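So the structure is just underneath, and the comments pick up after that.
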Amino acid sequence: MARRLLARLRETMARAHAPLAELVRLVAAEMVSEVCSIYALRAGDLLELVATEGLLADAVGRTRLRVGEGLVGVCAATGMVLNLPDAQNHPAFVYRPETGEERFASLLAVPVRRAGRTLGVLTVQNRAPRHYTEEEVEVMETVAMMLAELLASAGAAEGAEEGLGATLPRRFAVAPLAPGVAIGAVLLHGTWHAPYRLLADDPAAELERLTQAMQSVQRGLDELLTRRAAAAGAAADILEAYRLIAADAGWMRRAGAAVRDGLTAEAAVHRVVEEMRESMRRVADPYLRERLADLEDLAGRVLAALGGGRSAVAAEGRLLIARRLGPADVLDWHARGIAGLVVEEGSAAGHAAIIARALGLPAAGGARGVLAAAEDGDVAILDADEGHLLLRPEAEMKQTYHRLLAQRREQAVGLREFARRPATSRDGVPVRLMLNVGLRQELDQLEATGAEGIGLFRTEIPMLAAGRILDVAEQAALYRRVLDGAGSRPVQFRTLDLGGDKLLAETAMAEEQNPAMGWRSLRVGLDRPAVLRRQLRALLLASAGRKLSVMFPMVATLSEFRAARALLQAEAARVRPGPERLDIGAMLEVPSLLFQLDAMLAEADFLSVGTNDLMQFLFAADRGAAALAGRYDLISPPVLDLLADLQRRAAAAGTPISVCGEAAARPVEALALIALGIETLSMPATSVLVVKAALAATDLRAFRTLLAALRERAAGAPSLREPLLAWLREHGVPI
Ligand code: PEP
Ligand code: MG
């Protein structure tokens, strides 16, 4: 039935002057229904009756329902098929007298969707109460796919304001992952356009195309699996599971059946994925949702193999929107020139965020529903500083943000001169500004910013980017290049800090309730010393004849530090030639270390304060929770007292300390830290010139006096930020 109807539709559509009217007539006849109607989505989330066979003709253009209102509205809102023998007694039924629909008992309503968005609803109604068969539902879904193309092209033709597609501005609250603002045309990743051609002339030839494409994807995966077999472990398991889905006869059979019904191979693949999406909507289980993502990815590969799908789209200057991205993907898209990045899911965002920050790429996460709401090519503004994503923004909004970007570019040009200037306050107090990096590509920022060295090299980032832990030779080569690139400038390597939100498949950890406080970082290193020892050996090999500084993350006890140091010393005794000098330090990120401070200061060669983790553990506030962002301030009496005490005791012990958390990257915080006497700050490259410029404009003596007075006067205040900001503004400090 589907094939015959589709063939007739194709013929008629090509000639018809009023294709929608023709379509409802044909569908009503084929379905043996008294009524067939089309509701199209209008601006303002209204569904308008645009064509009907069987309802009163007067209602066309007059009957309008809000999305969510009535059965048609519910179908549009949920994106689900409604198959109701007794529609009028359904609780969501609303009666519209102008349609005359009281005569019809049963209703089948099918959403008209394209690229994940609902464009309208297609219905049939019958006088007699009846449950529509599975085959009838399938026919309607196939017609709905065709209708989607018609509605979408009609929407484009009618222009943006009153088009049939939802073209209204939308605003999403997003969780900032990497700071910055980007404006650009949306590039959807992991979704694809609805197929260009829906109906095939020769189903047998089409089936052959589909089979070939599926086999080629299967072969590609088999090859990948064989190559990765050596790596074994969890990564191989994931690939194997992926291959099994690829080989799953169920979805292949369904796609094959759709081709036999007359669809093109591309349209059939779309239909299967849409069906899966529909059934997955009701599934909360994250594991099954992952499987859907795998299937979508596979479908993308099949489409690519069919010659459509994801081709080499232009990415330059565009805003990438994806469900989730791995670290290698972020590097890849950055190299292709994207302006910003938005991911829907927070869970994988951890990896993406670290890389995006390292690359200075504005990024945000937690943007649920964006993929469904956005269309490729829509203009969007990502304000990752404030946590907004504005889709199809109003002209005024666009102008405002273009102005802001122009200002920032001007500032950046003005700041460039600071690269060659020392980091000194207006009254001549020198400070050491260092870089936080994780990628070799970032080394040129030493020159670009005039930073004095690398205060934090996050060694886990190259591993996350590679998707595995590099072997000793690979790591040694990497560290050697870092040391070569830094030349005479110092580099502090931090050992692997995996776990929490930084996960590698091969070190897959058991699921934990609180991964940030779980088996992560140095804890893993001490429990599985082989990996840590290999890394330490690689660092020693790379630094032969040069200075080597190594620090351990997440040290919670003096004994952990001693155990880690012993591993390093044991390796150092074996590696010849060894480094010219070996400094062994710790990151201060866990508050317990504050209560073993004197011993730590005596035993460690240096300490570096990781304010990101320290703040989260100090205030028991998850650093990744968007709802808590900004709730606790570093510039507050308890934290300032803690840091002042730390600075005093470190100075007395003669042990260098620095701050390398993100707090050091923001000018006001950086000035407060400097005012406390902390002389070394390490930060992302994007902040160095900004902090230098703020410092150069600040009379540190006066600022220090102000801070001391505020700490005394406002001991119970949750934050001292406002009065500091007011003073800085008053004194013309660029912040
Ligand atoms: C920190 O915790 O402040 C830090 C610098 O380490 P990371 O952000 O990599 O956890
Ligand atoms: Mg940390």
Side-chain angles (χ1 to χ4, degrees), residues 175-179 327 349-359 363 433-439 442 451 453-465 491-504 514-525 535 549-556 560-561 564 585-594 606-625 628-629 632-634 639 642-643 646 657-666 669-670 673 678 680-688:
L177 300 178
H351 312 169
I354 293 163
I355 302 282
R357 272 203 297 275
L359 296 169
L433 299 188
M434 317 275 278
L435 288 187
N436 291 353
V437 297
L439 295 168
E442 294 178 277
I454 295 173
L456 168 63
F457 188 92
R458 290 182 163 104
T459 57
E460 67 280 1
I461 291 195
M463 321 276 170
L464 286 170
V491 180
Q492 282 176 189
F493 288 99
R494 175 177 75 182
T495 59
L496 284 176
D497 186 17
L498 290 167
D501 70 343
K502 293 179 275 192
L503 292 176
L504 268 181
N514 293 302
M517 296 196 285
W519 192 58
R520 59 171 282 209
S521 197
L522 184 62
R523 296 164 187 175
V524 180
Q535 175 172 40
S549 269
V550 177
M551 58 182 176
F552 298 106
M554 287 287 293
V555 177
E560 284 177 353
F561 175 69
M587 292 199 55
L588 202 164
E589 315 186 86
V590 185
S592 60
L593 216 51
L594 293 166
F606 63 92
L607 289 185
S608 189
V609 185
T611 49
N612 307 340
D613 276 316
L614 185 60
M615 288 289 288
Q616 93 164 335
F617 297 129
L618 209 52
F619 288 99
D622 184 343
R623 66 192 259 188
L628 298 183
Y632 302 105
D633 200 345
L634 179 111
V639 188
L642 181 161
L643 293 170
L646 179 65
I657 61 159
S658 59
V659 171
C660 67
E662 297 297 315
R666 295 185 286 267
E669 275 92 332
L673 293 167
I678 297 171
T680 305
L681 302 181
S682 193
M683 59 193 72
T686 39
S687 294
V688 175

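For ligands, and for the atoms within them, numbers begin at 1 and follow the listed sequence. The model shown is predicted, which means the values in this text are computed figures rather than measured ones. When a residue number appears, it is its place in the shown sequence, counting from 1.
- At a heavy-atom distance under 4.0 Å, no atom of N436 approaches ligand 1.
- In L456, the part holding a heavy atom less than 4.0 Å from any atom of ligand 1 is the side chain.
- Its N, O or S atom nearest to the Mg ion (ligand 2) is what matters here, and for D613 that atom is OD2.
- Put simply, the residue from L456, L433, V659 that forms a side chain to side chain contact (heavy atoms under 4.5 Å, CB included) with M683 is L433.
- The two atoms that bring F617 and A516 nearest to each other are CZ-O, 3.6 Å, heavy atoms only.
- Looking at Q492 and S608, their side chains never bring a donor and an acceptor atom within 3.5 Å of each other.
- In this structure, CD in E662 is found 12.0 Å from CG in L634, a value given to the nearest 0.5 Å.
- Contact annotation: the side chain of E460 approaches that of R494 to within less than 4.5 Å [non-hydrogen atoms, C-beta and beyond].
- Exactly one residue among T495, L593, V590, V524 makes a side chain to side chain contact (heavy atoms under 4.5 Å, CB included) with M554. That residue is V590.
- When side chains are defined from C-beta on, M463 counts as touching L496, because their heavy atoms get closer than 4.5 Å.
- In terms of polar-atom proximity, R520 is not counted as a contact of ligand 1, lacking any N or O under 3.5 Å from an N or O of the ligand.
- Distances from the Mg ion (ligand 2) to the N/O/S atoms of E589 are shortest for OE1.
- The heavy atom nearest to atom 10 (O) of ligand 1, considering only E662, R357, R623, M683, is found in R623.
- Not one N, O or S atom of D497 sits under 2.8 Å from the Mg ion (ligand 2).
- Set against the non-hydrogen atoms of E589, the atoms of ligand 1 under 4.0 Å away are 1 (C), 2 (O), 4 (C), 6 (O).
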Evaluation steps, side chain to side chain contact (heavy atoms under 4.5 Å, CB included), between D622 and N514: CA-CA 9 Å; D622 184 343; N514 293 302; over 6 Å; no
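- At a 3.5 angstrom cut-off on N or O pairs, R458 counts as close to ligand 1.
- Each of the atoms 4 (C), 5 (C) of ligand 1 lies under 4.0 Å from some heavy atom of M587.
- Using a non-hydrogen distance threshold of 4.0 Å, M615 does not register as a contact of ligand 1.
- The shortest separation from a heavy atom of Q616 to ligand 1 is not under 4.0 Å, leaving the residue out of contact.
- Atom numbering of ligand 1 starts at 1 in the shown order; those under 4.0 Å from a heavy atom of C660 are 5 (C).
- Annotation for ligand 1: atoms under 4.0 Å from non-hydrogen atoms of D613 are 1 (C), 2 (O), 3 (O), 10 (O).
- A parallel orientation is assigned to the rings of Y632 and F619, their planes being inclined by less than 30° (bins at 30° and 60°).
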